[in-house]
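Okay, structure first, notes after.
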Amino acid sequence: MGNQPLIVLSEESQRTSGKDAQSMNITAGKAVAEAVRTTLGPKGMDKMLVDSTGSVVVTNDGVTILSEMDIDHPAANMIVEVAETQEDEVGDGTTSAVVVSGELLKRAEELIDQDIHATTLTQGYRQAAEKAREALDEIAIDVDEDDDEILREIAATAMTGKGAESARDLLSELVVDAVRAVADDDGIDTDNVKVEKVVGGSIDNSELVEGVIIDKERVSENMPYFAEDANVAIVDGALEIKETEIDAEVNVTDPDQLQQFLDQEEAQLKEMVDHLVDVGADVVFVDKGIDDMAQHYLAKEGIIAVRRVKSSDAKRLARATGARPVSNVEDISEDDLGFAGSVAQRDIAGDQRIFVEDVEDAKAVTLILRGGTEHVIDEVDRAIEDSLGVVRSTIEDGKVLAGGGAPEIELSLALRDYADSVGGREQLAIESFADALEVIPRTLAENAGLDPIDSLVELRSAHDGGDTAAGLDAYTGEVIDMGDEGVYEPLRIKTQAIESATEAAVMLLRIDDVIAAGDLKGGSSDDDEDDMDMPGGAGGMGGMGGMGGGMGGMM
Ligand code: ADP
Ligand code: MG
């Protein structure tokens with residue numbers, strides 16, 4: 001008891017405290033924001049990211065850039081999380097969220113230098129974020145979920161500046177149709193929209209298939225190319241004879257015996273196929289393999305069979321056709337079958353794929369995205385993902401905002417008014433928050449090669465005059481009513497961005513001590529060693545394995 005050690009940390013540990021810790025975290029956070037800043041908006045630039053294997057990604061998408069960047073610093077990672085949350089919750093606005101977060105940190109640094117305590121600062125930031133949410137609600141525009149025109153404009157806004165420009169009208173129409181098709185009583189799950197990327201042709205040739213496309217061919221050349229009014233079976237297993245778990249040794253003493261053995265297997269496979277014929281299946285999608293003999297019988301019966309279907313595809317097939325997957329073919333009944341008006345193997349840009357179409361109520365659709373090169377299509381795909389997200393959010397919430405920096409200027413003005421009413425030192429923090437939000441219109445202007453000061457002055461005066469939708473037209477440099485240009489974004493993009501940006505900034509600002517164990521990147525092998533040191537001996541190890549995993553996750 002009397003021997004309390006003075007040094008509690010191991011020699012390898014690194015400790016940074018007080019202002020040093022704060023400034024280290026702020027610097028790391030700002031660096032992340034700086035990395036994506038130039039990509040913001042319709043005139044934003046792209047980044048080329050090359051990973052250790054040499055594979056290249058060219059993108060304008062905030063969350064993609066940050067996740068490809070392999071960021072190591074713990075504080076920087078907290079800002080990356082802001083982008084990830086934004087991606088999960090809305091699907092768009094990742095760059096904006098990170099840029100705002102970085103700016104909140106930058107403004108905080110100035111206040112800390114003026115000896116404003118972090119607690120006062122974070123208190124003010126929280127108040128400001130709360131007020132911002134209310135102010136956004138006030139200027140939000142109600143949208144009817146059946147209003148296709150505005151939904152398409154929202155879809156198009158999310159695609160701006162992401163390599164999809166030339167076919168924006170077509171793509172936004174496809175996106176809105178796709179989201180509508182997969183909407184059901186449980187809401188909208190955009191995972192049911194599969195984007196099938198096809199290199200070859202131009203983006204204008206992209207189309208929406210109300211059904212599912214499987215990137216596979218029928219398993220045998222002897223099977224038909226198409227089936228009309230097809231009953232569809234999904235087998236979540238194999239069309240093979242199960243191999244025994246134990247290595248059984250069969251001693252064959254004469255040729256007859258061998259033949260008998262093979263005949264028996266063949267009979268079993270034939271039985272499986274016969275059962276499929278009995279229940280009336282015309283097409284069968286199998287999760288695992290299909291035995292050659294089974295293929296032969298299936299082809300003879302004129303059944304189309306596809307093997308090694310991905311489970312995600314099987315899920316969509318089930319949704320689209322209404323089929324219920326069964327594990328054992330023997331157990332399949334008529335009720336388990338789904339239906340599709342047409343199942344066909346077709347050529348698309350030199351690739352054979354299976355199209356399952358003309359289903360009653362698709363609920364799972366495929367967007368065939370075409371384009372000149374793989375990198376171009378990949379980037380358009382990311383734009384489509386953003387677009388699907390904003391259309392979904394808009395239908396779910398029914399509220400949108402004008403874009404082009406309009407909401408940020410409006411908030412900035414509202415928050416300055418609010419700051420006056422709060423007074424005290426928090427007032428300074430709220431004013432800083434107001435300034436920080438202007439980073440969005442300022443960056444939009446900078447990236448468009450405009451003078452940011454002029455643009456901000458003009459925007460402020462338009463908003464002072466009551467024009468809540470006045471934003472910056474990045475193409476002409478004029479301040480216009482964004483509604484006229486059809487630049488709309490879902491309300492949730494902004495509320496979520498402000499919420500996560502504030503939370504991350506506040507969390508970093510409240511840290512006054514960073515204690516890092518010697519090896520920050522300690523892998524699972526280290527954990528195992530720790531387990532070994534634990535008392536309890538081998539008897540307790542069974543349970544320790546699980547614990548080790550849990551602890552590893554916490555580090
Ligand atoms: P994020 O990852 O934050 O979505 P983007 O590069 O997509 O980043 O840029 C989004 C910003 O660009 C938003 O502030 C949006 O209002 C703005 N924006 C989109 N289209 C236009 C446009 N035509 N004119 C001006 N601003 C636009
Ligand atoms: Mg965007």
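These numbers come from a predicted model, not from an experiment. Counting starts at 1 for both ligands and their atoms, following the listed order.
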Atoms of ligand 1, numbered as shown, that sit under 4.0 Å from any heavy atom of [X]:
X	result
Thr95	1 (P), 2 (O), 3 (O), 8 (O)
Gly403	16 (O)
Leu444	12 (O)
Thr157	19 (C), 20 (N)
Tyr475	23 (N)
Asn60	6 (O)
Leu40	3 (O), 6 (O), 8 (O), 9 (O)

Inset, instruction - Apply side-chain contact (heavy atoms from CB on, under 4.5 Å) to Lys106 and Glu103, showing your working. - result: CA-CA 5 Å; Lys106 186 173 148 195; Glu103 194 69 11; 4.1 Å; yes
Legend entry - Atom name in Asp92, limited to N/O/S, at shortest distance from the Mg ion (ligand 2): OD1
Salt bridge flag under 4.0 Å for residues [X] and [Y]:
X	Y	answer
Arg180	Asp148	yes
Lys494	Glu499	no
Arg425	Glu431	no
Arg460	Glu438	yes
Arg382	Asp61	no
Asp435	Arg416	yes
Arg133	Glu130	no
Lys363	Asp361	yes
Arg316	Asp191	no

Inset, instruction - Tell me, with the steps shown, if Asp184 and Arg319 meet salt bridge (Lys or Arg N to Asp or Glu O under 4.0 Å). - result: CA-CA 11 Å; Asp184 63 14; Arg319 227 179 114 85; 3.2 Å; yes
Can you tell me the protein heavy atom closest to [atom] and the distance?
atom	answer
atom 3 (O) of ligand 1	Ser96 OG, 2.5 Å
atom 25 (C) of ligand 1	Leu472 O, 3.0 Å
atom 18 (N) of ligand 1	Pro42 CD, 3.7 Å
atom 4 (O) of ligand 1	Asp92 OD1, 2.8 Å
atom 5 (P) of ligand 1	Gly41 N, 3.6 Å
atom 1 (P) of ligand 1	Gly93 CA, 3.5 Å
atom 26 (N) of ligand 1	Gly404 CA, 3.4 Å
atom 15 (C) of ligand 1	Glu489 OE2, 3.4 Å

Inset, instruction - Please check if the side chain of Ser206 supplies one atom and the backbone of Leu369 the other of a donor-acceptor pair under 3.5 Å. - result: no
Inset, instruction - Report yes or no: does Lys162 have a heavy atom closer than 4.0 Å to ligand 1? - result: yes
Inset, instruction - Please work out whether any backbone atom (N, CA, C, O) or any side-chain heavy atom from C-beta onward of Thr160 is under 4.0 Å from ligand 1, and answer side chain, backbone, both or neither. - result: side chain
Inset, instruction - Using a 4.0 Å heavy-atom threshold (strictly under), name the region of Thr39 that reaches ligand 1: side chain, backbone, both or neither. - result: backbone
Inset, instruction - Going by heavy-atom distance to atom 23 (N) of ligand 1, choose the closest among Val100, Val487, Thr443, Thr64. - result: Val487
